[in-house]
**Q** 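Below you'll find the structure I mean.
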Amino acid sequence: MAKVLSAKRWYRLMPVVFITYSLAYLDRANFSFGSASSMASDLMITPAVSSLLGALFFLGYFFFQVPGAAYAEKRSAKRLVFVSLILWGFLAAATGMLSDPTQLMIVRFMLGVVESFVMPAMLVFLCHWFTKKERSRANTVLILGNPVTVLWMSIVSGYFLHLFGWRMMFIIEGIPSLIWAFVWYKLVNDHPRQAKWLKKEERDAIEEELAAEQKGIKPVKNYREAFRNKKVIALCAQYFLWSIGVYGFMMWLPSILKSAPNMDIVTTGWLSSVPYLLAIIGMVAASYFSDKLLNRRDFVWPFLFIGAIAFYGSFLIGSSSFIISYVLLVLAGGMMYAPYGPFFAFIPEMLPSNVAGGAMALINSFGALGSFVGAFLVGLLNSYTGSYGASYIFMACSLLIASAITYRVFTVKKTTAEGALNHDNNEISTRA
């Protein structure tokens, strides 16, 4: 029965979750391609303003994470995501109809506000449906919407820009969210007990398993107490630094590649997609083994460390070899994305369900702040220095510190076999 139940949840819910988060990423990541095309000259956007525009999304994204998680936990993640889908579809399409940078600033900020509800709502939703042993993989299917979307979007947007221009690219890519909102609302339920597509014993089994997991977690009264937890504070800092690297990379990779000699926008799109192919492979592998071993730490910090070294290596190579420098950028991009599933699986194991959603939202909001800093400062460094070397160093240092914090804060739980062996060894020592 457990195997049938698990299959029903995965097949019914996860494709919907994946597509929903993919659409969110489509409508935020295509801005990097608009920036690399003629949008800047058409709207008379300076490099400094372009950096601000890229970063304003994340500033809006920062402020509303915790309220979104609270609404999703206490009321309905389903309703919150439905409304968000409609609003961000309109805002994304509206980007193609604007005539000056001020209007674009407002739309980018509001798009960030609307999309800020989605990630915490989705994480809360998955906590209602999947157990501890499944959660890293469930989170990974959700977050795979990021690299998978950027992979195909990089190629498709390159062709859209070539054929139709940046305005039609934004309009065309904003429409699917409006349609999908109604599919989402029809197919998902906030809790297993509401799912008529499950048998009663199946619904009860999920609820009982999730309730049993909560008994092993130390109670936390409210958000204030949870937010003062030292590990939560450390993870906020860690995700802030990690996101500097991720979004500095994502927002500026097309422009970095476009600056190479004889590089057209279609080729830029194809080359920009490759890091996300590696990211998909890394994310699936990391989440699978993290769940299998119930080890979160060792499937987060090594990837960030390798990403930092790859960024630094790309800086050292510079323009002396485009191919080697590009391969290192591909490696850096893939490694930065790989640990998302294990990272977000750790937080519900550390805190009870009444505050875990808020804690994930707080940590994710600091990630948004890091994304703002990464998108803005990377663009600013590129503009003022006239090269990409300084931004590579900046992103490498951020990832290196994030890796060190992860190693220090995360705990590695012993397996049953290890615990039994230690117990036997202690008994032998005592008898001796």
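Just the heavy atoms: all of them, side chains too, but no hydrogens, waters or symmetry mates, feed the values below. Residue numbers start at 1 and run along the sequence shown.
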**Q** Assess whether atom CZ of F90 is packed by more than 12 heavy atoms of other residues, nucleotides or ligands within 6.0 Å.
**A** no
**Q** If every non-hydrogen atom of S290 is compared with every non-hydrogen atom of N295, which pair is closest and at what distance?
**A** OG-O, 2.8 Å
**Q** Check whether any side-chain heavy atom of L123 lies under 4.5 Å from a side-chain heavy atom of F344, and answer yes or no.
**A** yes
**Q** Give a yes or no answer on whether the side chain of R75 reaches the backbone of L80 with a donor-acceptor pair at less than 3.5 Å.
**A** no
**Q** Calculate, to the nearest 0.5 Å, the distance between atoms CZ and CG belonging to F182 and L85 respectively.
**A** 10.0 Å
**Q** When you look at R79 and Y71, which way does the side-chain contact (heavy atoms from CB on, under 4.5 Å) test go after all the steps?
**A** CA-CA 10 Å; R79 287 197 299 269; Y71 184 92; 3.6 Å; yes
**Q** For residues W88 and L23, determine if any side-chain heavy atom of one lies less than 4.5 Å from a side-chain heavy atom of the other.
**A** yes
**Q** Once the angle between the rings of F289 and F299 is folded into 0 to 90°, is it parallel (under 30°), tilted (30 to 60°) or perpendicular (over 60°)?
**A** parallel
**Q** Can a donor-acceptor pair be found, under 3.5 Å and without considering hydrogens, that links the side chain of S398 to the backbone of G245?
**A** no
**Q** How about Y185 and F82: are their ring centres within less than 6.0 Å of each other?
**A** yes
**Q** Treating E115 as the side-chain partner and L111 as the backbone partner, does any N or O pair qualify as donor plus acceptor under 3.5 Å?
**A** no
**Q** For L241 and A402, work out which heavy atoms get closest and say how close.
**A** CB-CB, 4.0 Å
**Q** Quick check: are there more than 12 heavy atoms from other residues, nucleotides or ligands sitting under 6.0 Å from CH2 of W270?
**A** no
**Q** Supply the atom-to-atom distance L126 CG to I143 CD1, rounded to the nearest 0.5 angstrom.
**A** 9.0 Å
**Q** Using modelled atom types and a 3.5 Å cut-off, is there a donor and acceptor pairing between side-chain atoms of E134 and backbone atoms of T131?
**A** yes
**Q** Would F372 and F240 count as a close aromatic pair, with their ring centres under 6.0 Å?
**A** no
**Q** Any sub-3.5 Å donor-acceptor pair from S243's side-chain atoms to G370's backbone N or O?
**A** no
**Q** Give a yes or no answer on whether the side chain of S314 reaches the backbone of F311 with a donor-acceptor pair at less than 3.5 Å.
**A** no
**Q** Between N364 and G367, is there a donor-acceptor pair closer than 3.5 Å when you use the side chain of the first and the backbone of the second?
**A** no
**Q** Passes side-chain contact (heavy atoms from CB on, under 4.5 Å), L43 versus L104? Steps please.
**A** CA-CA 9 Å; L43 298 182; L104 192 53; 4.0 Å; yes
**Q** Could you check K78 against F125 for side-chain contact (heavy atoms from CB on, under 4.5 Å), going step by step and ending with a plain yes or no?
**A** CA-CA 8 Å; K78 174 181 174 176; F125 176 79; 6.0 Å; no
**Q** Indicate whether any N or O donor in one side chain lies under 3.5 Å from an N or O acceptor in the other, for S157 and E173.
**A** yes
**Q** Can you check side chain to side chain donor-acceptor pair (under 3.5 Å) on W129 and N189, steps first, answer last?
**A** CA-CA 10 Å; W129 278 96; N189 304 98; over 6 Å; no
**Q** Answer with yes or no whether the side chains of D42 and W166 bring together a donor and an acceptor at under 3.5 Å.
**A** yes
**Q** Under a 3.5 Å distance rule, please check whether S76 uses its side chain to pair with a backbone N or O of A72 as donor and acceptor.
**A** no
**Q** Any chance CZ of F18 has more than 12 other-residue heavy atoms, nucleotides or ligands included, within less than 6.0 Å?
**A** yes
**Q** Are the charged groups of R135 and E213 less than 4.0 angstrom apart, N to O?
**A** yes
**Q** Going by heavy atoms in the side chains, are R12 and W197 under 4.5 Å from each other?
**A** yes
**Q** Restricting to non-hydrogen atoms, name the atom on G341 and the atom on T140 that form the minimum distance, rounded to 0.1 Å.
**A** CA-OG1, 3.3 Å
**Q** Crowded around L163 CG? As in, over 12 foreign heavy atoms under 6.0 Å?
**A** yes
**Q** Could you tell me whether the side chains of T406 and Q238 share a donor-acceptor contact shorter than 3.5 Å?
**A** yes
**Q** Write down the atom of I217, the atom of L351, and the distance for their closest heavy-atom approach.
**A** CG2-C, 3.5 Å
**Q** Pick from F410, Y407, F343, W242: which one makes a ring pair (Phe, Tyr, Trp, His ring centres under 6.0 Å) with W301?
**A** Y407
**Q** Indicate the ring-plane relationship of H128 and H191, choosing parallel, tilted or perpendicular according to the 30° and 60° boundaries.
**A** parallel
**Q** Test side chain to side chain donor-acceptor pair (under 3.5 Å) on T20 and W184; report intermediate values, then the result.
**A** CA-CA 8 Å; T20 303; W184 160 267; over 6 Å; no
**Q** Are more than 12 heavy atoms, taken from residues, nucleotides or ligands other than F227, located less than 6.0 Å from that residue's CZ atom?
**A** yes
**Q** Specify the closest pair of heavy atoms between R9 and I206, including all atoms of both residues, with the distance to one decimal.
**A** CD-CD1, 3.5 Å
**Q** Could you go through Y61 and V113, starting from their C-alpha distance and side-chain angles, then the distance that decides it, and tell me whether this counts as side-chain contact (heavy atoms from CB on, under 4.5 Å)?
**A** CA-CA 5 Å; Y61 198 83; V113 171; over 6 Å; no
**Q** Write down the atom of S365, the atom of Q65, and the distance for their closest heavy-atom approach.
**A** CB-CG, 3.3 Å
**Q** Would you mind writing out the side-chain donor-acceptor pairs for residues 229-236 within the sub-3.5 Å range, not counting sequence neighbours?
**A**
unit_1, atom_1, unit_2, atom_2, d
N229, OD1, K231, N, 2.8
N229, OD1, V232, N, 3.4

**Q** Main chain of S353, side chain of Q214: is a donor-acceptor contact present, judged purely on distance under 3.5 Å?
**A** yes
**Q** Measure from the side-chain N and O atoms of K133 to the backbone N and O of K292, and report whether any donor-acceptor pair falls under 3.5 Å.
**A** no
**Q** Can you tell me if R137 and S287 form a side-chain donor-acceptor pair at under 3.5 Å?
**A** no
**Q** Mind checking ring-ring contact (aromatic ring centres under 6.0 Å, His included) for W180 and listing every partner two or more places apart, or none if nothing turns up?
**A** none
**Q** For residues Y337 and Y276, establish whether the separation of their ring centroids is below 6.0 Å.
**A** yes
